[in-house]
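Here is the structure we will look at, set down as structure tokens.
A note on names: the letters A, B, ... follow the listed sequences, proteins ahead of strands, and every chain is numbered from 1.
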Amino acid sequence: MSKTPYITTAIPYVNGAPHVGHALDYLLADVYARYKKEQGITVRFQSGTDEHGNKIWSKAKSLGIPVEDYVRDNAEKFREFIKKLGVEPTDFIRTSSEDHARRVGKIWKKIESHIYSAEYEGWYCSGCERFITDKEYEETGGICPDHQAPYERLSEKNYYLKISDFKERIKTAIESGEMTILPESRKKQVLNLLETSPDVSISRPKKNLSWGIPVPGDDSQVMYVWIDALANYLTVLGYPETDISDFWPAEVQFVGKDILRFHAIIWPSILLALGLPLPKVILSHGFVLANGQKMSKSIGNVIDPLDILEKYGLDPFRYYFLRHVDTFADSDFTWEKFDAAYANELANDLGNLVQRLAVLDKKNNVSIKTEVSCFTAPKNYTSLMDNFKYSAAFDYVWDEIQQLNKDINDQQPWVVAKENPEKAQEILTGLTMRLLDCSKLLVPFLPDTCKAIQGVFQETITIPAPLFPKN
RNA sequence: CGUGGGGUAGAGCAGCCUGGUAGCUCGUUUGGCUCAUAACCAAAAGGUCAGUGGUUCAAAUCCACUCCCCACAACCA
């Protein structure tokens, strides 16, 4: 049992700007971290960037700048993006860093008994600089559609990791729940994939891949993405130079559904080869769609998260992506939906509730003593949060917010005040305390808003500017 | 015979695992309130739960088949 919960996010490949998918990954992890923090538990929270590989190398080259500068600038974009999302990781690792490279080299040495070298032979396009699958070869009739050139038959030396050494062990771990795959529906898919997974190629000849970590003891080979990138979850903690038993095994690893297979097959293989325990939970989230379609540059329907942040600010952004985007399933983003959620839910339900209560409290000289409240989160809420059902947890709190609006109407404190001011104060204090309880439950989701709400209802009530102004 | 997800009021979805009066949000219509960001509250209209067949006293729910949509292969969470 690790003493400090360790949560991880996928490290983005830095050949492009941050997009909403990255935002989702970060936010899901951040809510969990903040939720734990609210319970008085400190977490270790990793983040970082994946910076090696040919694509980055050639991109930098085409821009005419040194690759080190290119990745540094892009990594910085992600670091800033994380900050803008209100996400507060404890670590940020860059795979091109010296520490990472040195530690990965040591990791490679430790698992060498599960590594072997073999010739890889296949169809290769020199234009794409990559091998293609046999299936692809048949479909294209042996000619690369991008370059209109025939594929060549090439062979090269690769190192392979023996996935076969670990299949049974991984299967057992997944089935027993030792390593939980969430959601359940993807667990079956992973088990299917595991059955047929071949050993995986983990290196490339240096002549084909120069921007990467050298394979220890073989100058002609460079590590391919798997060990380089996946090992970040360990090297960021200092492994193998530092004892990581306080943090490892990870509590939750957040990944996108497209990279689940690597995290559920290759990654556990590496861990088992190292003799380390497997992560407790691998959570794979869905995609954010635009109008029901996958966002892509070619369709031109990409939503830039920075646009949303700029137009609406941080908490509305977090609100939409944590309540109206499902943790596990693909969800839709449209500006119409976002606008509707903002106006109906944030402004009318919550913002207006804060406003009307603040005014009523002020008029009736209500004074709130917050320091005495000993608050425990209701079980319904915690069990949803513990299972990462964030939007359901939101629903739970929102029911109470709507109930508060009803109760204000029903109890009519403004009428009571005319006859019985003390009774009105009592009613308002009760209602206000309930609102403050709601705000405590929303802290992991909307940190700034909750801070603002708690600032309003003190011994002296401060009537705030509208929390979520319209127009 | 590829694999997976889905088809439930105008829109978006829950319910299905563990059969028993079809629910939520938005929108629409009508009414109430006046503390509040023209906000809030209440009521109403609106569905042969994709289709066909089966199991059952009883099927949106379980089973079989059929139809339709979408993802999984190609930089991209």
Below the 4.0 Å mark, does [N] have OP1 or OP2 next to a side-chain nitrogen or oxygen of [X]?
X       : N      : answer
K337(A) : C26(B) : no
H22(A)  : A77(B) : yes
N348(A) : C40(B) : yes
H19(A)  : C76(B) : no
K470(A) : A39(B) : yes

Does NZ or CZ of R204(A) fall inside the cone over Y224(A)'s six-membered ring, less than 6.0 Å from its centre and within 45° of the axis?
->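 Ring-cation test returns yes.
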With rounding to the closest Å, how many angstrom separate the [atom1] atoms on [N] and [M]?
N      : M      : atom1 : result
C62(B) : A73(B) : C1'   : 35 Å
G53(B) : C17(B) : P     : 23 Å
C26(B) : G20(B) : C1'   : 31 Å

Which is true for G16(A) with a 4.0 Å heavy-atom rule: it touches a base, it touches only sugar-phosphate, or it touches nothing?
->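 Here G16(A) touches no strand at all.
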Under 3.5 Å, is there an N or O donor on one side and an acceptor on the other linking the side chain of N352(A) and the base of A39(B)?
->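 Side chain to base: no pair present.
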Is the base of C33(B) touched by the side chain of N409(A) through a donor-acceptor pair closer than 3.5 angstrom?
->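 For N409(A), whose side chain was compared with the base of C33(B), there is no donor-acceptor pair (under 3.5 Å).
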Should the ring pair W335(A) and F333(A) be called parallel, tilted or perpendicular, given that the plane angle runs from 0 to 90° and is split at 30 and 60?
->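 If you compare the ring of W335(A) with that of F333(A), the planes turn out perpendicular.
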On RNA chain B, nearest-nucleotide positions of N405(A) versus A347(A): which is more 5'?
->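 First, find each residue's nearest nucleotide; the 5'-ward one identifies A347(A).
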5′-ward residue of the pair L360(A)/G256(A) relative to RNA chain B =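 Looking at the nearest nucleotide for each, L360(A) comes out on the 5' side.
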Inspect the contact between D30(A) and R318(A) and indicate whether a charged nitrogen and a carboxylate oxygen are less than 4.0 angstrom apart.
->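 Yes, this pair counts.
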Once you round it to whole Å, what is the distance between C1' of C76(B) and OH of Y13(A)?
->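 In whole Å, C76(B) C1' lies 11 Å from Y13(A) OH.
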Exercise: do D326(A) and H285(A) side chains pair donor with acceptor under 3.5 Å |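 Per modelled atom types, D326(A) and H285(A) side chains form no pair under 3.5 Å.
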